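Notes follow once the structure below has been shown.
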Amino acid sequence: MENFEFVSPTYFVFGKEAECKAGEKLAERGAQKVLLHYGGKSAKDSGVLDRVKASLQAAGIAWVELGGVRPNPEIGLVREGVALCKEQGVDWVCAIGGGSVIDSSKAIAVGACYEGDVWEIYESKEPRTDILPIAVVLTIPAAGSEASKNAVISNDELGMKTGYANNGQRPKIAFMNPELTYTLPPFQTAAGITDMFCHLLERFFDDVGSVPVTDNLCLSIMNTVRAEAPRVLAEPDNYDARANIMWAGMLCHQGYAGVGRHEDWATHGMEHELSAYDTEITHGAGLAVMFPAWMEYVYSENPERFAFYGREVFGLRPTGDVDADALSAIDETRNFFASLGMPTTLGELGITEDTIEDAIEFMLPTLKINKGEPFGSFKKLTMEDAANIYRLAL
């Protein structure tokens with residue numbers, strides 16, 4: 001087990017009508033004026049925005065609003081939010097939505113306490129301690145951003161998508177009501193499940209070797225996600241299934257599942273470039289394509305690890321051929337994503353043999369800026385390796 005530092009300051013309010021406690025809990029923490037940040041009309045149509053407002057009003061807390069967050073949140077709206085917070089004297093940021101809204105809120109919370117342009121922080125990765133406190137009303141379980149230190153923002157002008165990690169931007173409080181996820185479209189539910197499963201894969205496959213306490217936590221959550229995935233898709237209003245998926249999504253990316261490991265994150269890096277190349281690509285869908293391709297490219301570094309994963313997660317019996325067992329585990333991973341309705345090739349995302357080289361030419365320069373070279377830990381990858389993995393994903 002490697003040395004590690006870990007902090008988890010998030011206070012969780014989990015269960016039915018959790019969002020109705022927002023005003024009470026924020027008042028206890030001294031909130032005076034809150035930025036309510038959300039995406040499109042679903043926050044309004046579902047009634048969750050009105051319920052949060054009612055709870056704030058009952059607690060005597062003022063608010064301002066900023067909607068319009070898109071998937072793959074963009075720096076332009078973040079800048080609007082930063083300006084609004086400064087103009088209005090906002091002292092808390094409350095995200096109402098999923099990972100994109102939460103990431104945008106984190107960027108706003110950081111930028112609101114910074115004199116320069118918030119994008120400078122994303123470029124420099126400068127550690128900062130002066131950050132507005134963040135609350136989350138979670139409506140889409142997927143990214144785990146409701147308790148993580150990470151945020152990812154796109155800059156369309158630069159054709160770039162990059163992340164910023166800072167324990168200071170972990171949300172202080174998260175309101176998690178599984179009932180809010182009942183009406184999610186099946187594709188969005190499936191993409192979220194894929195994302196959370198891939199968060200565990202990034203942690204499970206690295207160069208450290210066995211870390212039993214962390215490995216078993218990863219494997220347990222993987223098995224829970226696999227068991228609940230078909231149930232939640234078949235029974236969208238099954239409270240227990242939705243609750244298990246929502247809590248698993250947090251555990252997948254909060255940090256517990258990676259302590260004592262280096263973690264890898266090569267595949268997330270390559271997918272971020274993919275969804276910067278085409279912002280219509282859903283992050284989970286891109287991961288469903290890229291992860292099996294990465295696995296096929298790197299498994300020979302430690303086929304025993306893949307075979308072990310196949311036994312523990314998919315119940316594969318050893319054949320005596322470790323390479324064959326590893327490849328079977330990779331096939332099962334791809335089949336799992338396909339069973340959720342996820343794409344498994346770049347062609348399904350609109351990138352073909354005719355366009356792949358142009359896409360690679362677009363993606364590699366910013367991948368190198370974001371990840372450096374070499375990158376990854378399970379196998380150290382070059383930009384040439386990355387190009388080969390993209391081609392393997394066709």
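Everything quoted here is computed from the prediction, not taken from an experiment. Along the sequence shown, the residues carry numbers beginning at 1.
- The two atoms that bring Glu19 and Val48 nearest to each other are CG-CG2, 4.1 Å, heavy atoms only.
- Relative ring orientation between His272 and His283 is described as parallel, the plane-to-plane angle staying below 30° on a 0-90° scale split at 30° and 60°.
- Between Leu132 and Cys85, the closest side-chain pair of non-hydrogen atoms falls below 4.5 Å.
- Not one N or O on the side chain of His37 forms a donor-acceptor pair closer than 3.5 Å with the backbone of Ala95.
- Ring-centre distance between Tyr256 and Phe6: below the 6.0 Å cut-off.
- Thr162 and Lys125 share a donor-acceptor pair across their side chains, judged by distance under 3.5 Å alone.
- Nearest heavy atom pair, residue Asp264 against residue Ser377, reads OD1-N, 2.8 Å.
- In this structure, Glu332 does not pair ionically with Arg226, as no charged nitrogen and carboxylate oxygen lie closer than 4.0 Å.
- For the pair Lys25 and Tyr11, the cation does not sit on the ring face, since its NZ or CZ is not both under 6.0 Å from the ring centre and inside 45° of the axis.
- With rounding to the nearest 0.5 angstrom, the CG atom of Leu158 is 9.5 Å from the CD1 atom of Ile75.
- If you look at Phe197 and Phe291, their ring centroids are not closer than 6.0 Å.
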For Tyr309 and Phe314, what are the C-alpha separation, side-chain angles and deciding distance, and is it a ring-ring contact (aromatic ring centres under 6.0 Å, His included)?
CA-CA 8 Å; Tyr309 156 74; Phe314 298 105; 5.5 Å; yes

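- Side-chain contact between Pro133 and Arg29 is absent, with no heavy-atom pair separated by less than 4.5 Å.
- There is no side-chain donor-acceptor pair under 3.5 Å between Tyr390 and Glu273.
- For the residue pair Asn388 / Arg391, a side-chain donor-acceptor distance below 3.5 Å is found, with atom types taken as modelled.
- Between Asp215 and Arg261, at least one side-chain N (NZ, or NE/NH1/NH2) sits under 4.0 Å from a carboxylate O, which counts as a salt bridge.
- In this structure a side-chain-to-backbone donor-acceptor pair under 3.5 Å is missing from Asp103 to Ala151.
- How far CZ of Arg79 is from CD1 of Ile108: 12.0 Å, rounded to the nearest 0.5 Å.
- Between Glu312 and Phe204, the closest side-chain pair of non-hydrogen atoms is not below 4.5 Å.
- Interatomic distance, CG of Leu349 versus CG of Leu394, reported as 10.5 Å (0.5 Å rounding).
- For the atom pair OG of Ser275 and CD of Glu280, the computed distance is 11.0 Å after rounding to the nearest 0.5 Å.
- A side-chain N or O of Gln254 and one of Ser8 form a donor-acceptor pair less than 3.5 Å apart.
- Trp294 is listed as a side-chain neighbour of Phe205, based on a closest heavy-atom distance under 4.5 Å.
- With contacts defined as side-chain heavy-atom distances shorter than 4.5 Å, the pair Arg231/Asp240 qualifies.
- Remark: the Ser42 side chain and the Asp45 side chain contain no N/O donor-acceptor pair separated by less than 3.5 Å.
- No side-chain heavy atom of Thr267 sits less than 4.5 Å from a side-chain heavy atom of Phe378.
- Between the CE atom of Met160 and the CG atom of Asn370 there is a distance of 4.0 Å, given to the nearest 0.5 Å.
- Arg203 places a side-chain heavy atom less than 4.5 Å from the side chain of His253.
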